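Because the structure is a prediction, the values reported are computed rather than measured. If you read the sequence from its start, that first residue is 1, and numbering goes on from there.
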Amino acid sequence: MLLSARLLDPATGGFLPQTALATARGEIVALGDDGGIRALAGPATTVVDLRGAVVTPGLVDGHLHPVSGAERTRGVDLSGCTDLDGVRAALAAAARELAPGAWLRGWGLDPNTFGDQPVAAASLGPVLDSVPALLDLFDGHSQLASARALERAGVDGPRSFEQSAEVVCDADGRPTGLLLEDAACELVEAVAPKATKDEIRDATAEALRRMAAAGLTGGHAMDAIGDSLAVYAELEERGELALRVRVAPWCQPGADEQAVAELIALQGRGGALWQVAGVKMFMDGTIDNGTAWLEQPDCHGQSTHAFWPEPEAYTRVVAQLHAAGVPTATHAIGDAAVRHVLDSVEKARADHALVVRHRVEHIETVPDDTVRRFAELGVTASMQPTHCCEYTRADHTDNWSRRLGEERASRAFRCRDLWDAGVRVVLGSDWPIAPFAPLGVMAGARHRRPSDLSLPPHGPEQALTPLQALQGYTLNPAWAAGDEGRAGRIALGHRADLTVFAENPLSVPDTDLAALPVLLTVVAGRPTHRDAALG
């Protein structure tokens, strides 16, 4: 393939002197002027004249869940509901379409829609009284089950779990329907209907196609749940794997040395476009449902415990993985959780003098001394700006901010502070928790406003520059993956993963960026999306 366009260098923010490139065998094999590159064309060569469009290295989402996300986003989409009336109306409409006895599934439910009412099935009124229903809250760490669903699962009171999970009950010990963390959610998931393997495969393929149309060429997949790896393998065999995927399977509390050894042995498994690389761990849950790990309790007296019942066991696992050269990506939202992850990495580095690029995912509230330690330890900060933009408010009246209190809510999602401290900040969506469109995430990183741009920004001092936002999707994901020698830039020998925009994303106003047309997306030299405007 030969492309003629303006080639943007994310390292400098300027255009390369060359105006065309050639790809072969999945790599960039030539850079030059239009005439010189066109002279390389043979009878079978695809030539694309982009008429002044702008080419960047392919955009990579630093944190998403392609397969489990495709499965989770079945049923009614509640992500656009802003109050309980809207939730009730959406659920009632979906319930009317159900066959007798069928389950109702929903996703994207925002706890802010409950206002001052408890997040409980009773708050939804009678709409689910006779329906077995299971609704995913937007954070991906909690679900709301109807009374009929709880009955079918045999959940009629509190349960005990090894990890930090809870069947929330009222003062009389009766379940409210709110299930916190995977172990509790699985009680009801176990009796709910499952999608077939073919349905999951097809839904994943469709999600990846939409991601490619939004400009993504790759993603760091933060799970390998169920048959995820088989799904990637089958999609690649069928020519339907539209993104390059780097997979980090989970390591849960209770993992013994043998389980960790199996994760180490799994490293490197994959195909041309997907590979297991790294391990995903959890140090806490979420602030919204009171399962984060904070140094001081939230305003409800919650978020006081680690996800691992014995945090030192987590430290030992990190050391075992580090010694094997396996990078970790740890979900750590609260300040205590982030601090423990950094302590564990520091200990692992002291015990084994290896260069391993560990990461912390989310980092929603941290004090100053923690910010500095990321750079000192070479730990990547993987962050999702739209979580702040869409689910918190500048006036701190949202559930997240109210739980934290004014002081901690004021140090929310410190993207710029981390960047200025010399930390590699990788940007992503955490799809399906938030929309995957990379331009929307980059815009949020730049203006810190929700999609309703009339609302004020939350923490505008933490906004990134246009160049920093682009680097968060190009250079920095490549560095975090150890791929900086072959990805993240337009250079000879680098992967031919490219995203083409109608205009320069660095000069488009922050508030217009999300609507910038993506004309072409290329993965390994193969177009995965081509806008009709190109003919």
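- Note on Asp417 versus Arg411: no salt bridge recorded, every NZ/NE/NH1/NH2 to OD/OE distance being 4.0 Å or above.
- A donor and an acceptor atom, one from each side chain of Thr365 and Asp335, are nowhere located under 3.5 Å apart.
- Using a 4.0 Å cut-off between a side-chain N of Lys or Arg and a carboxylate O of Asp or Glu, Arg414 and Asp368 qualify as a salt bridge.
- Between Asp298 and Arg402 there is no salt bridge, since none of the side-chain N atoms of the basic residue sits less than 4.0 Å from a carboxylate O of the acidic one.
- To the nearest 0.5 angstrom, Asp9 atom CG is 7.5 Å from Ile490 atom CD1.
- Applying the 6.0 Å contact sphere to CD of Glu461 captures more than 12 heavy atoms from other residues, nucleotides or ligands.
- Remark: Ile28 CD1 to Leu7 CG distance equals 8.5 Å, nearest 0.5 Å.
- Pairs passing the ring-ring contact (aromatic ring centres under 6.0 Å, His included) check and including a residue from residues 330-372, sequence neighbours excluded, read His63-His362, His141-His331, Phe282-His331, Trp293-His340, Tyr314-His340, His322-His358, His331-His362.
- Atom CD1 of Ile225 and atom NZ of Lys280 lie 8.5 Å apart (nearest 0.5 Å).
- For the residue pair Asp61/Ser429, the side-chain donor-acceptor check at 3.5 Å is satisfied.
- Ion pair Arg403/Asp288 not flagged as a salt bridge, since none of the NZ, NE, NH1 or NH2 atoms sits closer than 4.0 Å to an Asp/Glu carboxylate oxygen.
- Under a 4.0 Å N-O distance rule, the pair Glu166/Arg159 does not qualify as a salt bridge.
- Taking CZ of Arg269 as the start and CD of Gln267 as the end, the distance is 12.0 Å to the nearest 0.5 Å.
- Rounding to the nearest 0.5 angstrom, the gap separating the CG atom in Asp110 from the OG1 atom in Thr82 is 9.5 Å.
- Ion pair Asp420/Arg416 flagged as a salt bridge, since at least one NZ, NE, NH1 or NH2 atom sits closer than 4.0 Å to an Asp/Glu carboxylate oxygen.
- Thr380 contributes no side-chain N or O that, together with a main-chain N or O of Ser382, makes up a donor-acceptor pair within less than 3.5 Å.
- Looking only at distances, no side-chain donor or acceptor of Asp430 sits under 3.5 Å from a matching main-chain atom of Ile433.
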Requested in this report: Dump the intermediate steps for side chain to side chain contact (heavy atoms under 4.5 Å, CB included) on Phe307 and Thr291, then the final yes or no.
Outcome: CA-CA 8 Å; Phe307 188 70; Thr291 58; over 6 Å; no
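- When each of Glu189, Glu181, Glu186 is checked for a side chain to side chain donor-acceptor pair (under 3.5 Å) with Gln143, only Glu189 meets the rule.
- No more than 12 heavy atoms of other residues, nucleotides or ligands lie within 6.0 Å of CD in Glu503, so this atom counts as exposed by the packing criterion.
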**Report entry** Evaluation steps, salt bridge (charged side-chain N to carboxylate O under 4.0 Å, His left out), between Arg339 and Asp369
**Finding:** CA-CA 10 Å; Arg339 190 182 301 278; Asp369 65 322; 2.9 Å; yes
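- Around atom CZ of Arg393, more than 12 heavy atoms belonging to other residues, nucleotides or ligands sit under 6.0 Å away.
- In this model, a donor atom of one side chain and an acceptor atom of the other lie less than 3.5 Å apart for Ser401 and Asp398.
- Side chains of Arg359 and His220: a donor-acceptor N/O pair is present below 3.5 angstrom, by distance only.
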Listing, residues 470-477 side-chain donor-acceptor contacts under 3.5 Å, not counting sequence neighbours, or none:
from	atom 1	to	atom 2	distance (Å)
Gln471	NE2	Pro10	O	2.8
Thr474	OG1	Leu470	O	2.8
Asn476	ND2	Val425	O	2.8

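- A cation-pi contact links Arg357 to Trp479, judged by a cut-off of 6.0 Å to the six-membered ring centre and 45° from its axis.
- A salt bridge links Arg495 with Asp483: the distance from a Lys NZ or Arg NE/NH1/NH2 to an Asp or Glu carboxylate oxygen falls below 4.0 Å.
- Taking the side-chain contact (heavy atoms from CB on, under 4.5 Å) definition, one finds that Leu208 meets it with Pro66, Thr204, Met211, Leu235, Leu241, Ala242, Leu243, sequence neighbours left out.
- How far CE of Met442 is from CG of Leu516: 9.0 Å, rounded to the nearest 0.5 Å.
- Sparse packing is recorded around NE2 of His305, with 12 or fewer heavy atoms of other residues, nucleotides or ligands lying under 6.0 Å away.
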